[in-house]
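Every number for a ligand or one of its atoms is a count from 1 in the order of the listing. For this chain, numbers begin at 1 and follow the sequence in order.
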Amino acid sequence: MPDQLSNEVLLQAVREYGTPLYLYHAEKIREQYEQLVSGFSILDTRFFYACKALTNISVLKYINSIGCNIDCSSINEVKLALHAGFEPDRILYTSNGIAFSEIEEAVAAGVHINIDSLSNLEKFGRKYGHSYPVGIRIRPNIMAGGNLKISTGHDASKFGIPVSQLSLIESLVKDTNLHIRTLHIHTGSDIKDPDVFVQGMEVLFELIPHFPELEVIDLGGGFKVPYRPGETATDIPLLAKKIKEAFEAHPIAGDKKFQIWFEPGKYLVSESGYLLAEVTVMKDTGNIEFAAVNSGLNHLIRPMMYDAYHHVLNLSNPDGTIKKYTVTGNICETDTFASDRDLPEIREGDILALCNAGAYGFEMSSNYNSRYKPAEVMVSNGKISLIRKRDNFEDLLRNQL
Ligand code: LLP
């Protein structure tokens, strides 16, 4: 939520490229990455950007250029990462529910792999035996994350192999001579409390003695970023301190040297992004004043999907009298962006910005109602560059016979 870019830069982008428009601020991404690196300097860590948050190829290239590694959730994301110039050793593929053929492709590409089912682990062992070090995604049975839809480590979650199935994992590893290099967990998204990560580690600590070739503990992503005014992010230096202490205090883990991996998505790109839209219709219904913009849940689904709060700015009338508005889209379905929100007076033609739109914004967008996906621009050193053209009518017909 904290703004970094001036209204003037945002409005300049709108003048040049129109609306609706996704805008990403490169220096904010770098600032977030640097906070992680400095916050975790007391530990041996590697960061892999969870690119499911935003895969625009220019953003991937930028993230590569600042030295961050990349985490992928599909083989196509792996291919995009390679295309963006990441070397295989800097790519991690954390799969779930996928055909084994995708894992074979990932092996051929030479990337790091975390496997999240006994079924694929067995196929992996039978085909590669000890030759290809691999990670196992464990379900630690911990409830964490901003809401149930983004909680992934609890005891009813599809993700990972339940920690209770350790003996099955062990016999598979033995039978097929697997080389287990990594233990992985990802308990959810929007996790503020550092103790949740420590709790996850406590679960992994119990497993460490069972995997003598272990080198990496991968604690996934999920760091919280502020969305509402006054909210704060996960305290990264405190988290690092707690993780270090937990390792040192543990009788077995403390004697071994593990590298800690993280897979941040939101932390790196959420705050860097804005969805810029124009107010098309004002509608005063007596009890509610609606401001409809030329966007909707087809472009930013988070408010409707997770009841997520996205801060709204009226860029073209920032000093207007504060009134209450409900900001909606133009989709033929309820697509409220903000309810009953105090905002400077909104008039038709005003430009609104939806903040925190960098993560899971464009990436989860669609052509619902046969509307075009927005263009995307990146601002770097004050320069605005187009990084994806707006859809056009041919795009709607592409691939249709
Ligand atoms: N690693 C794994 C294995 C994941 O499944 C995820 C996110 C991440 C890392 C990155 O989590 P982050 O740091 O971004 O919280 N669309 C939802 C979030 C879904 C997250 C899915 N997995 C939202 O907009 O809130």
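Annotation for ligand 1: atoms under 4.0 Å from non-hydrogen atoms of Ser189 are 12 (P), 15 (O). Atoms of ligand 1 found under 4.0 Å from any heavy atom of Ala50 (numbered from 1 in listed order, with element): 8 (C), 9 (C), 10 (C). Near Arg137, meaning under 4.0 Å from one of its heavy atoms, ligand 1 places the atoms 3 (C). Of all atoms in ligand 1, numbered sequentially from 1 with element shown, those under 4.0 Å from a heavy atom of Arg302 are 23 (C), 24 (O), 25 (O). Close approach of ligand 1 to Asp71 (heavy-atom distance below 4.0 Å) involves ligand atoms 1 (N).
In Glu263, the parts holding a heavy atom less than 4.0 Å from any atom of ligand 1 are both the side chain and the backbone. Under 4.0 angstrom from ligand 1, the non-hydrogen atoms of Met364 all belong to its side chain. Heavy atoms of Pro264 found under 4.0 angstrom from ligand 1 belong exclusively to the backbone. Contacts of Tyr306 with ligand 1, taken as heavy-atom pairs under 4.0 Å, involve the side chain alone.
Residue Gly222 places at least one N or O, backbone or side chain, under 3.5 Å from an N or O of ligand 1. Ligand 1 has a nitrogen or oxygen under 3.5 angstrom from a nitrogen or oxygen of Tyr360. In terms of polar-atom proximity, Lys266 is counted as a contact of ligand 1, with an N or O under 3.5 Å from an N or O of the ligand. Close N/O approach between Gly265 and ligand 1 is found [any backbone or side-chain N/O within under 3.5 Å].
A donor-acceptor contact under 3.5 angstrom links the side chains of Thr232 and Lys192, judged on distance only. Using modelled atom types, one finds a donor on one side chain and an acceptor on the other under 3.5 Å when comparing Glu263 with His184. Side-chain N/O atoms of Arg181 and His112 include a donor and acceptor closer than 3.5 Å. Side-chain N/O atoms of Ser366 and Asn298 include no donor and acceptor closer than 3.5 Å.
The closest protein non-hydrogen atom to atom 19 (C) of ligand 1 is Ile150 CG2, 3.9 Å. Annotation: atom 8 (C) of ligand 1 to nearest protein heavy atom, His186 CE1, 3.4 Å.
Of the possible donor and acceptor atoms, none in the side chain of Thr336 sits under 3.5 Å from a partner among the backbone N and O of Thr326. Looking only at distances, no side-chain donor or acceptor of Glu348 sits under 3.5 Å from a matching main-chain atom of Val279.
Residue Asn114 forms a side-chain hydrogen bond (donor to acceptor under 3.5 Å, both in side chains) with just one option from Asp71, Asn96, Thr94, Thr182, and that option is Thr94.
Within 6.0 Å of NZ in Lys389 there are 12 or fewer heavy atoms belonging to other residues, nucleotides or ligands.
A 4.5 Å side-chain heavy-atom check between Leu219 and Trp261 finds every atom pair outside the cut-off. Side chains of Ile260 and Asp44 form no contact here, defined as non-hydrogen atoms less than 4.5 Å apart.
Among Lys52, His184, Glu363, the residue whose heavy atom lies nearest to atom 21 (C) of ligand 1 is Lys52.
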